[in-house]
Asks: 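Below is one structure. I have some questions about it.
Source: prediction; values computed, not measured. In what follows, chains are A, B, ... by sequence order, proteins preceding strands, each numbered from 1.
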There are 2 protein chains.
Amino acid sequence: MTASERSLRADARRNRESVLDAAGELFAQRGDGVQMDEIAERAGLGVGTLYRHFADKRALLAAIIGRRFEAMTGLASSAEALEDPWAAFEALLYGYLESAEPDAAFRFALLGPHEPTWGDIDEQKTAFSAIVERIVRRAVAAGRLRADFRADDFVLITRGAMANMAGSGNWRRHVALQLEGIRGGSPGDAPPDARSERPSEV
Amino acid sequence: MTASERSLRADARRNRESVLDAAGELFAQRGDGVQMDEIAERAGLGVGTLYRHFADKRALLAAIIGRRFEAMTGLASSAEALEDPWAAFEALLYGYLESAEPDAAFRFALLGPHEPTWGDIDEQKTAFSAIVERIVRRAVAAGRLRADFRADDFVLITRGAMANMAGSGNWRRHVALQLEGIRGGSPGDAPPDARSERPSEV
DNA sequence: GTAGATTCGGAACCGGAGTTCCGGTTCATC
DNA sequence: GATGAACCGGAACTCCGGTTCCGAATCTAC
């Protein structure tokens, strides 16, 4: 794609970027549901141009989602760089969720009734998962996460939190509750700093 | 509505019931997304008939959701009847979720991007909430739920669990994790039977 | 500066799904 | 069992939003 990116005419490349930006904002704001005309208008282009760059709406959405996943991977990387295993885990968890909060499209992609054929995003997702895996393992090894905690559980928890982002639900409270159930220290081995890691803002 | 139900012609009342049944099944199966024609066919009726009984698709869906909410209220009532406060809470929680699991429409109604004007279901929802409130309070008073647990948290938890019902997510595991974070016994006061209240399968 | 290819614009097209309409049918009543 | 009202059926209509198409505009190369 870098090659083909070079071979694009100057204006074409510029426009492609405009489309991506416009779509990114609108999708983030209102998820699927925005219509192609809106995106075109916001980008200052005609619909025809959108279709020159993306086969159809799905493809455009997929491109956007892919972009976000890259960002997530970056975020995960820098979380992994933290010394403290628990700090790394928390940075990952909250970083992930705080990124997801203002991005309806991302949440839609993960919560909606889809699963099959979400484009070629699977690679990106795999890269992300690999890092999550490592961070989780490290936190478990350090005894900061319960011994039977698995990377899949990260998905359960984030899915749950994201479901409480729409509307009035208070997802931070939810995460705080969940952390209690996840903390390390097998029965009898008192957890380091049990309550109040973050303000629970009722 | 009981009055108008009486005044319905015999076949009309029968058909109305057929519509409700057909719609109930299909909506439960595939949530919104089923189309009016399908419902009509499944009910063995013409589309026109649907519209004789329900103003539009929303109204039909709302009727279905309302029905489920009544069932939920009944379920909550019988949970409340249990002696043990914790048993009551668990019965409520698992009963609720097990009812929601096979009902895509219900989940859709609670998780989807809606909120405003979900028909006149609010009354039903209020009745349900009142019972939840009591059950939660009782469990808190008995020390089986953490002292700061509120009825709203029930919503957080169920929302989270339902988000893990679609696809491969294992919602029982998720609930089990969440219960750990919710259990009663303030710090220093060991929880009664900490782990493994239910088989955590996986 | 011009040729030729690439890209753009946006009106027109198209299919899908909710909704309407009215002639035909069924039910309740006398 | 006849009459009128209530109800049913489903083809046709409408609206909406994604997609196509092609003449016009723009860019790059010579």
Asks: Counting C-beta onward and ignoring hydrogens, is there a side-chain heavy-atom pair between Arg144(B) and Arg138(B) closer than 4.5 Å?
Replies: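 No. Closest side-chain heavy atoms not under 4.5 Å.
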Asks: Round to a whole Å and report the spacing from CG of Asp56(A) to P of dT19(D).
Replies: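 Taking CG of Asp56(A) and P of dT19(D), I get 5 Å after rounding.
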Asks: Who pairs with Glu25(A) by side chain to side chain donor-acceptor pair (under 3.5 Å), at least two apart in sequence or on another chain?
Replies: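 So Glu25(A) forms a side chain to side chain donor-acceptor pair (under 3.5 Å) with Arg42(A).
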Asks: I need the residues from residues 26-49 of chain B with at least one non-hydrogen atom less than 4.0 Å from DNA chain D; give them sorted by number, or say none.
Replies: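 Result for residues 26-49 of chain B: Gly44(B), Leu45(B), Gly46(B), Val47(B), Gly48(B), Thr49(B), sorted by number.
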Asks: Kindly write out the residues that satisfy side chain to side chain donor-acceptor pair (under 3.5 Å) with Asp153(A), not counting sequence neighbours, or none if the list is empty.
Replies: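 Applying side chain to side chain donor-acceptor pair (under 3.5 Å) to Asp153(A) gives Arg173(B).
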Asks: Applying side-chain contact (heavy atoms from CB on, under 4.5 Å), name anything that partners Glu80(A), two or more places apart in sequence or on another chain.
Replies: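 With neighbours one apart ignored, the set is Ile131(A), Arg134(A), Ile135(A).
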Asks: Salt bridge or not for Asp11(A) and Arg9(A), using N-O below 4.0 Å?
Replies: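 Judged by the 4.0 Å cut-off on N to carboxylate O distance, Asp11(A) and Arg9(A) do form a salt bridge.
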Asks: Of all nucleotides in DNA chain C that come within under 4.0 Å of a heavy atom of chain B, which is furthest toward the 5' end and which toward the 3' end?
Replies: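 Going 5' to 3' along DNA chain C, contacts run dA17(C) to dA28(C).
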Asks: So, using side-chain contact (heavy atoms from CB on, under 4.5 Å) as the criterion, who are the partners of Tyr51(B) when residues are at least two apart?
Replies: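 Once residues adjacent in sequence are excluded, the partners of Tyr51(B) under the side-chain contact (heavy atoms from CB on, under 4.5 Å) criterion are Met36(B).
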Asks: My understanding is that only residues two or more places apart in sequence, or in another chain, count here; which of them pass side chain to side chain donor-acceptor pair (under 3.5 Å) with Arg107(B)?
Replies: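 Testing Arg107(B) for side chain to side chain donor-acceptor pair (under 3.5 Å), a comparison that skips the adjacent residues, returns none.
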Asks: Using five base pairs at each end, measure the axis-to-axis angle across the helix from dG1(C)-dC30(D) to dC30(C)-dG1(D) and round it to 10 degrees.
Replies: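 About 10° separates the two local helix axes.
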Asks: Need to verify one output field. Residue with the more 5' nearest nucleotide on DNA chain C, Ala12(A) or Arg52(B)?
Replies: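 The residue mapped nearer the 5' terminus is Ala12(A).
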Asks: Mark yes or no for whether Asn164(B), through its side chain, and Leu156(A), through its backbone, hold a donor-acceptor pair below 3.5 Å.
Replies: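 Flag set: sc Asn164(B) to bb Leu156(A) pair under 3.5 Å.
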Asks: Would you be so kind as to tabulate the donor-acceptor pairs closer than 3.5 Å made by side chains of residues 26-33 of chain B, with sequence neighbours excluded?
Replies:
{"from": "Arg30(B)", "atom 1": "NH1", "to": "Glu38(B)", "atom 2": "OE1", "distance (Å)": "3.4"}
{"from": "Arg30(B)", "atom 1": "NH2", "to": "Glu38(B)", "atom 2": "OE1", "distance (Å)": "2.9"}
{"from": "Arg30(B)", "atom 1": "NH2", "to": "Glu38(B)", "atom 2": "OE2", "distance (Å)": "2.9"}

Asks: For Ala87(B), enumerate each residue passing the side-chain contact (heavy atoms from CB on, under 4.5 Å) test, keeping only those at least two apart in sequence or located in another chain.
Replies: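 Result, side-chain contact (heavy atoms from CB on, under 4.5 Å) vs Ala87(B): Leu82(B), Asp84(B).
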Asks: List for me each residue that meets side chain to side chain donor-acceptor pair (under 3.5 Å) alongside Arg137(A), sequence neighbours excluded, and say none if there are none.
Replies: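 So Arg137(A) forms a side chain to side chain donor-acceptor pair (under 3.5 Å) with Glu133(A).
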Asks: Please list, pair by pair, any protein nitrogen or oxygen found under 3.5 Å from a nitrogen or oxygen in nucleotides 27-30 of chain D.
Replies:
{"from": "dT28(D)", "atom 1": "OP1", "to": "Ala10(A)", "atom 2": "N", "distance (Å)": "3.2"}

Asks: Charged N to carboxylate O under 4.0 angstrom, Arg150(B) versus Asp152(B)?
Replies: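 Yes, charged N to carboxylate O under 4.0 Å.
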Asks: Could you give the distance from CZ (Arg68(B)) to CZ (Phe106(B)), rounded to the nearest 0.5 Å?
Replies: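 It is 9.5 Å, given to the nearest 0.5 Å.
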Asks: What is the distance, rounded to the nearest whole Å, between atom OH of Tyr51(A) and atom P of dC22(D)?
Replies: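 Going from OH in Tyr51(A) over to P in dC22(D) covers 17 Å.
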